[in-house]
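Contents: one structure, followed by commentary.
Letters go in sequence order (proteins before strands), and every chain restarts at 1.
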Amino acid sequence: MTTRTVAYWPGCVSRGFTPELHGAMALVAPKLGLNLVQLDRGSCTGAGVLAEHNQELTDTLNGRTFALAQKVDQAEFMMNICSTCQGAQSESQERLDANAEYRHTVNHTLAQFGLSYDKGIVNKNFLWVLVEDIGLDVLKSLVVKPLTDLKVGPFYGCYIVRPVDRLGIDEDNPRDTYLPKVIEALGGTVIDYAGSHKCCGFPIITMNKEASLKQAGTHLTDGQNAGADALVTPCPLCHLNLDMQQPVAKKAVGNFDLDMPVLHLPQLVGLALGFSAKELGLNKHVVRPTKLIDWTETVVASVPA
Amino acid sequence: MPEFTLRIRRYNPETGAAPYWDRYTVDLEPHRSVLEGILQVKDRFDSSIGVRCSCRAAICGSCGMTINGKAGLACHTHLSEAMSRSKDGTIEIQPLGNMPVIKDLIVDMDAVHWKKVNRVTPWLLSGDLPEREHIVPRESMVDVTQPMACIQCGSCVGDCLAMEVDPDFIGPAALAKAYRFVGDPRDVQHEQRLKDLADDPHGLYTCTHCFKCIEACPKGVAPMNQIMRLRRIAGQDHHIEDVNNGERHEEAFVVLLQKYGLLSEADVVPRSYGGNGLTGGKLSPKSGEQVFQSLPFLAKAVLRGKVKISQTLFPHKLDSESLAEVKKIYKDVKGREERLELNLYITGYDEDGDPTTSEAIPDNPNEKAGATA
């Protein structure tokens, strides 16, 4: 298999509240032929909030991370494992690439650290890499424990499905349709439900808690009603609202039976590639994916009817 | 002639009957609009379908509806484009969301959209009548042309995900309209307008950044971007504290990123509620209340090894050299006299070939044209 060196941006949350995501990614990467060179010196992308405060500040910080990525020896592209990071970085990149004068201003600031951003960096979410670079056929060939009978609902996170122009979503790269393809390649069954492309509510959890929890609770309930055993997401911030807040989200929508495991994308891939649930940190979730996993053998099992 | 199958949601609340779907096949070229498809259906099969339309040229804003799950103008959506988003080979046509249905594809714009637009005082408050013509710099008017492009079709309102769970949310169209006046130098009530929006718990800070309105708008208004500009001006130029802790949340981000270079969730939440001062953050009563409410699942998170207690006391941060660079960037950028903003709606994109004229560019960005604060 081809080995690719990628400049890897793990983001903050994967090293903070969702350490299992970072761990799972590190575990599956070698199997997928990804040589991750971590951008340890990069800073937080601002998650959209910093851009709301000051655009140039955000673009200069992200420009610095891009410049660091461009210095990584042999790297084919830059990769992240967070929808929100992808969205925030793509927004900065759009402005930096669109206007030479603006780019020059940002590079002028970066020059004092010996850094410079060259227009046109390729920065992809792990989901896009799986489909566009590794390929679904190769992914399929690597599966050792197909997720047979596992019914999975996709949950993208707004930042990697909108706006389509900025994210390079078009007929050639229908990136907002990749999750079902990956679930199927891993042997699982895709559950189509209303919330897959909607907002998890996390951005307003501290500002309008009721609305935020209603969003999370509604999507989880829609997934449950459609028959999903679990949801899978490429965004750790969505994971926080869907998993960590689930005990309160279910109260917000009055669905007390809600018990929906939410998996990070690399965890779902990892299960099919043969890693144990524990290795992938599934035991660290607030909603334990017990009903998916036989803990004694760590094989994925379907929920009895 | 190619055939397209339209599935139209029918509903007449006056009859008391439940909504249902009708299916029709029309013959039209793929570059014809969905509206033309609906009008052919009315002409050939069923004239009782309720639809509002007028100009058929994306000017009047009458025919906003939901086409294959996305809000937009029926006259501005090609049949082929609608088909490309189809899940089952048909074009699914529904009324706009978030508004009550009057009949079939006609929604009650008065009950929701217009009420919300009226809520933001959608006219210029110029104070005393000027003695002579009020002359403003060209750039400052160019800046508000984006929200002025709105044709009030309600597509953004129909697709707003925050309004879906909080019907009281002022919403994208009205907030974009608010920016149209907050960005207008002739208006004298900027601060009062912003304060009014910040005092409403369903106002400025209920937007969730989901980009739905940006995608739905047929005119490139990008309402969400205007909401972010309102927040920027409210927080930084007028230091308005809002009832949703929105400004504090933003400030927490800014402060923590400067302090650590990385984000530490354990610190964001308490600071968002309790503020950034010495007695703020984890020690403030307000944040204590929130932490207490969160105790059941926080305990679980700690128990499962997801969250470490040490994390909340010693957040992760960058190496000292990188952190120094981050701090220098803060110092340089925040030291500018005016915030530098690039609005691509106005500047557009460089032509390919990258006409880099770096030598001609002054090193002080404040002197440059094309940048608006």
Side-chain angles (χ1 to χ4, degrees), chain A residues 12-13 15-20 40-41 43-44 46-57 60-61 64 94-95 98-102 104-105 108-109 112-113 119 158-159 162-164 171 198-199 201 203-204 206-208 210-212 214-215 218 240 244-245 247-248 283-286, chain B residues 161-162 165-166 205-206 208-212 214-215 228 231-232 244-246 249-250 253-254 257 261-265 269 272-273 296-297 300-301 304-307 311 316 318-319 322 325-326 328-330 332-334 339-342 344 347 349-350 354-356 358 361 363 365 368 370:
Chain A
C12 305
V13 184
R15 291 175 282 179
F17 266 20
T18 64
E20 68 276 6
D40 280 322
R41 298 189 53 215
S43 61
C44 170
V49 181
L50 196 69
E52 164 186 326
H53 180 81
N54 188 317
Q55 270 184 5
E56 190 201 352
L57 181 61
T60 310
L61 290 169
R64 178 177 167 276
E94 187 180 45
R95 284 191 288 266
N99 191 304
E101 199 177 307
Y102 186 67
H104 176 73
T105 305
H108 181 74
T109 310
Q112 52 191 322
F113 320 123
K119 174 184 176 175
C158 300
Y159 281 87
R162 286 177 295 270
V164 291
E171 272 176 46
K198 290 189 178 177
C199 176
I204 52 166
T206 63
M207 302 186 239
N208 188 335
E210 193 190 336
S212 172
K214 261 190 193 162
Q215 287 189 306
T218 305
L240 290 179
M244 202 156 142
Q245 301 276 13
V248 268
N283 51 331
K284 292 194 170 171
H285 295 188
V286 165
Chain B
L161 293 179
V165 288
D166 182 359
Y205 290 93
T206 289
T208 71
H209 275 236
C210 77
F211 305 94
K212 271 279 201 177
I214 295 182
E215 287 294 288
M228 296 311 133
R231 288 184 183 178
R232 202 174 294 144
N244 298 73
N245 301 310
H249 176 68
E250 185 186 303
F253 246 83
V254 176
L257 220 157
L262 297 170
L263 197 67
S264 186
E265 307 87 344
V269 174
S272 298
Y273 287 109
F297 67 88
K300 228 174 214 178
R304 304 261 158 95
K306 186 183 185 61
V307 179
Q311 241 172 29
H316 55 192
L318 286 182
D319 62 280
S322 298
E325 293 183 10
V326 168
K328 185 68 176 37
I329 290 173
Y330 261 78
D332 288 1
V333 174
K334 298 205 98 179
R339 282 193 304 277
L340 179 62
E341 256 180 63
L342 186 73
L344 295 175
T347 61
Y349 298 77
D350 283 350
D354 196 0
T356 313
S358 44
I361 294 169
D363 284 337
K368 287 187 303 151

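- Residue A/Glu171 does not touch chain B at all, counting heavy-atom pairs closer than 4.5 Å.
- B/Leu263 touches chain A through backbone and side chain together, each having a heavy atom under 4.5 Å away.
- Using a 4.5 Å cut-off between heavy atoms, A/Arg64 contacts chain B through its side chain alone, with no backbone atom that close.
- Among the candidates B/Ala162, B/Gly246, B/Gly261, the residue making the largest number of heavy-atom pairs closer than 4.5 Å to chain A is B/Gly261.
- Rounding to the nearest 0.5 Å gives a distance of 10.5 Å between CG of B/Leu257 and NE2 of A/His53.
- For B/Glu215, the part lying under 4.5 angstrom from a heavy atom of chain A is the side chain only.
- Looking only at heavy-atom pairs under 4.5 Å with chain A, the residue among B/Ile214, B/Asp166, B/Leu318, B/Asp332 that has the most is B/Leu318.
- With a 4.5 Å cut-off on side-chain heavy atoms, A/Gln112 and B/Glu325 do not count as touching.
- With hydrogens and angles disregarded, no donor-acceptor distance shorter than 3.5 Å links the side chain of B/Tyr349 to the backbone of A/Glu94.
- Only the side chain of A/Ile204 comes within contact range of chain B, with at least one heavy atom under 4.5 Å from a heavy atom of that chain.
- Of all the listed residues (B/Glu250, B/Lys334, B/Lys328), the one sharing the greatest number of non-hydrogen pairs under 4.5 Å with chain A is B/Glu250.
- Atom OG of A/Ser43 and atom CD1 of B/Ile329 lie 6.5 Å apart (nearest 0.5 Å).
- With sequence neighbours excluded, the residues that form a side chain to side chain donor-acceptor pair (under 3.5 Å) with B/Thr206 are A/Asn208.
- Listed by chain and residue number, B/Ser322 satisfy the side chain to side chain donor-acceptor pair (under 3.5 Å) test with B/Asp319 (two or more places apart in sequence, or in another chain).
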